[in-house]
Amino acid sequence: MPVILAIESSCDETSVAVCNNGKITANVIANQTIHENYGGVIPELASRVHQQNIVPAVQQALAIAKVNKSELNGVAFTRGPGLLGALLVGVSFAKSFALALDLPLIAVNHMQAHILAHFIDEPKPKFPFLCLTVSGGHTQIVLVKDYFDMEIVGETLDDAAGEAFDKTAKILNLPYPGGPLIDKYAKGGNPLAYKFAEPQIKDLNYSFSGFKTSILYFIRDRQKENSQFVEENLADICASVQHSIVKILLNKLKKAAKQFNINNIAIAGGVSANSGLRNALQEASVSLGWNVYIPAFEYCTDNAGMIAIAGYQKYLQGEFVEQDISPMARMNF
Ligand code: KG4
Ligand code: ZN
C-alpha cells in the first residue's frame, strides 16, 4: 500500500500531490499569477515563487489526503525537462524531505508524466497506444509501449502548439497565457471565417513558427484596412486559428495511427484542455473507430498528480535514485 508524495515545479505551477495505493488523494496546484504582468514566464521569478509556495503546498496536500509524514513510503519529483532554476527548488525540497524522513527518492520525467496521467482515472488506455503530447514547450507524437517504454515518433521542429496559441493571443493583445482565452472566444466564432496555410512538413513532425508568422502578417494587413479589425472579429479569428491548429495536430496523428496500425489514441499536456482538440478527437473516435483517451481537465495542465502516478509505478518497479541526483533542463525519455 505505498503512499507517495509528489512535487512538480518545472515551470510556473508549484504543485504537490499524494498518491495512496494508485489513487490520487490530493493534488494542490498553486498558480503563479505574477507572470501575467510580463506576457510570459520569467524564470527567475518562477523560482522565487516556488520557494515561497512549496512548504505550504506540501502541508496542504498532506492535510487534504489525511496523511501524516510518517505514513509516506516515497518522494517523487519532476527531474526535467523544464526551467532549471524552477526545477532546482522542487528537486532540492524533495531531496531534503526524503533525507529527513529516510524515504526513497523517485525521479520523474515531466513529459512521461503528462502521458501517465491517463492512468489516474478510468478508462485507462491499453498498451500500445499513441499519445499526442501538446504543451507550452512540447508537441510530440509518442508511441507508448509500456509505462516507461516510450518512443517519440514525431515532434515539432520549432515552436510548440501551446506557443502557437499563446503567441497568437499576444498578437491579439490577450493576456498570458492566451491558450485558454483563444479557446473561450473561439466558442462564439466561425471556424471557417479565415484560412491559414498549413505547414508542409515531412514525416510525423510539426512546425508552428511559419504558421505564427502568417497570422502576424494576416492581422497586420487587415488592420491596415480597418484598425478595429481584431476587436470586431475576435471570435471568428480565435475560432479560425484554433480550427487550423487542431487540424494540423490531427492530420499527423491520423497519419501516425495508420502507420503504426494503432487505434488506441490519447492526448496529454496543457493544450489537451482545448475544447476544439477534445471535440475533434471525439469525432475521430466515431469516424475512424479510435478508442480515445482524454484526461480530466485537472490533469491536462501541469500538476503533481501526474508526477505522483508516475512515481507510484516507479515505486512498484523499485526504481529509485540517490541523493546526488540533479535536475535536467533538457531530458529525454
Ligand atoms: O502542460 P502545460 O501546463 O505546461 C507545459 O509543460 O508547457 O501547458 C501549458 C500550455 C500553454 O501554452 C497554454 O496556453 C496551453 O497549454 N493551454 C491551452 C488551453 N489550456 C492550456 N491551449 C489551448 N486551449 C486551452 N484550453
Ligand atoms: Zn507540462
Side-chain angles (χ1 to χ4, degrees), residues 6-15 17 27 29-33 35-36 39-41 43 46 50 77-83 86-87 90 108-118 131-140 142 155-156 159-172 174-187 189 191 208 211-212 238-250 266-281 294-307 309-310 329-331:
I7 312 286
E8 154 64 31
S9 71
S10 65
C11 191
D12 60 341
E13 258 95 27
T14 319
S15 183
N27 186 30
I29 303 172
N31 298 109
Q32 302 188 356
T33 49
H35 306 287
E36 284 168 17
V41 177
H50 283 310
F77 63 90
T78 303
R79 185 180 185 197
L83 303 170
L87 288 164
V108 173
N109 179 307
H110 180 90
M111 298 312 295
Q112 284 194 335
H114 267 303
I115 296 171
L116 295 175
H118 285 286
C131 187
L132 172 69
T133 315
V134 269
S135 71
H138 294 80
T139 301
Q140 301 174 331
V142 183
E155 64 187 326
T156 185
D159 288 356
E163 272 176 288
F165 273 107
D166 295 340
K167 287 179 178 171
T168 302
K170 208 167 183 175
I171 296 169
L172 300 176
L174 299 173
Y176 179 87
L181 290 170
I182 298 222
D183 192 357
K184 184 179 143 194
Y185 291 118
K187 291 196 171 89
F208 284 103
F211 177 79
K212 172 197 69 193
C238 289
S240 300
V241 168
Q242 178 168 300
H243 177 79
S244 298
I245 295 176
V246 169
K247 202 166 150 214
I248 294 166
L249 291 172
L250 258 283
I267 53 172
V271 181
S272 64
N274 182 266
S275 58
L277 180 59
R278 293 167 91 93
N279 292 339
L281 210 67
I294 301 175
F297 281 112
E298 186 185 2
Y299 301 120
C300 286
T301 45
D302 289 349
N303 69 91
M306 66 188 198
I307 307 301
I309 201 78
R330 291 172 173 272
M331 187 178 176

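Only this structure's heavy atoms are used, side chains among them; waters, hydrogens and symmetry mates stay out. In each ligand, atom 1 is the first atom listed, and ligand 1 is the first ligand listed.
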Any donor and acceptor pair, going by atom type alone, linking the side chain of [X] with main-chain N or O of [Y] inside 3.5 Å?
X	Y	value
H118	I267	yes
T156	T139	no
S15	N303	no
H110	I307	no
R330	P81	no
N109	M111	yes
D166	P177	no
N27	G305	yes

Return a yes/no value for [X]: is any of its N or O atoms, backbone included, closer than 3.5 angstrom to an N or O of ligand 1?
X	value
T301	no
E13	no
P177	no
G270	yes

May I ask you to test the [X]-[Y] pair for a side-chain heavy-atom distance under 4.5 Å?
X	Y	result
N31	E13	yes
R278	F297	yes
H114	C131	no

Tell me the protein heavy atom at minimum distance from [atom], and give that distance in Å.
atom	value
atom 24 (N) of ligand 1	N274 ND2, 3.0 Å
atom 15 (C) of ligand 1	V271 CG2, 3.9 Å
atom 22 (N) of ligand 1	G179 CA, 3.5 Å
atom 9 (C) of ligand 1	G136 N, 3.7 Å
atom 3 (O) of ligand 1	D302 N, 2.9 Å

>> Is H138 close enough to the Zn ion (ligand 2) that one of its N, O or S atoms comes in under 2.8 Å?
In response: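 Short answer: no, not a single N, O or S atom is under the cut-off.
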> Measuring to the Zn ion (ligand 2), does H114 have an N/O/S atom at a distance below 2.8 Å?
Replying inline: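 Yes - counting backbone and side chain alike, H114 has an N, O or S atom under 2.8 Å.
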> Do you see a donor-acceptor pair shorter than 3.5 Å between the side chains of T133 and Q140?
Replying inline: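 Side chains of T133 and Q140: no pair found under 3.5 Å.
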With heavy atoms only and a cut-off of under 4.0 Å, state how [X] meets ligand 1: side chain, backbone, both or neither.
X	value
D166	side chain
D183	side chain
H110	side chain

> Hey, is NZ on K184 packed in by over 12 heavy atoms from elsewhere, all under 6.0 Å?
Replying inline: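 Not buried by this count: 12 neighbours or fewer within 6.0 Å.
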Sub-4.0 Å atoms of ligand 1 with respect to non-hydrogen atoms of [X]:
X	answer
G137	7 (O)
G162	12 (O)
A273	20 (N), 26 (N)
S135	1 (O), 5 (C), 6 (O), 7 (O), 8 (O)

> Hey, does P180 sit under 4.0 Å from ligand 1 if you only count heavy atoms?
Replying inline: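 Yes; P180 lies near enough to ligand 1 that a heavy-atom distance drops under 4.0 Å.
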> So, does H114 sit close enough to ligand 1 that a heavy atom of it is under 4.0 Å from the ligand?
Replying inline: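 H114 counts as a contact of ligand 1 under the 4.0 Å cut-off.
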>> Of all the N, O or S atoms in D302, which has the shortest distance to the Zn ion (ligand 2)?
In response: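 Considering only N, O and S atoms, D302 comes nearest to the Zn ion (ligand 2) through OD1.
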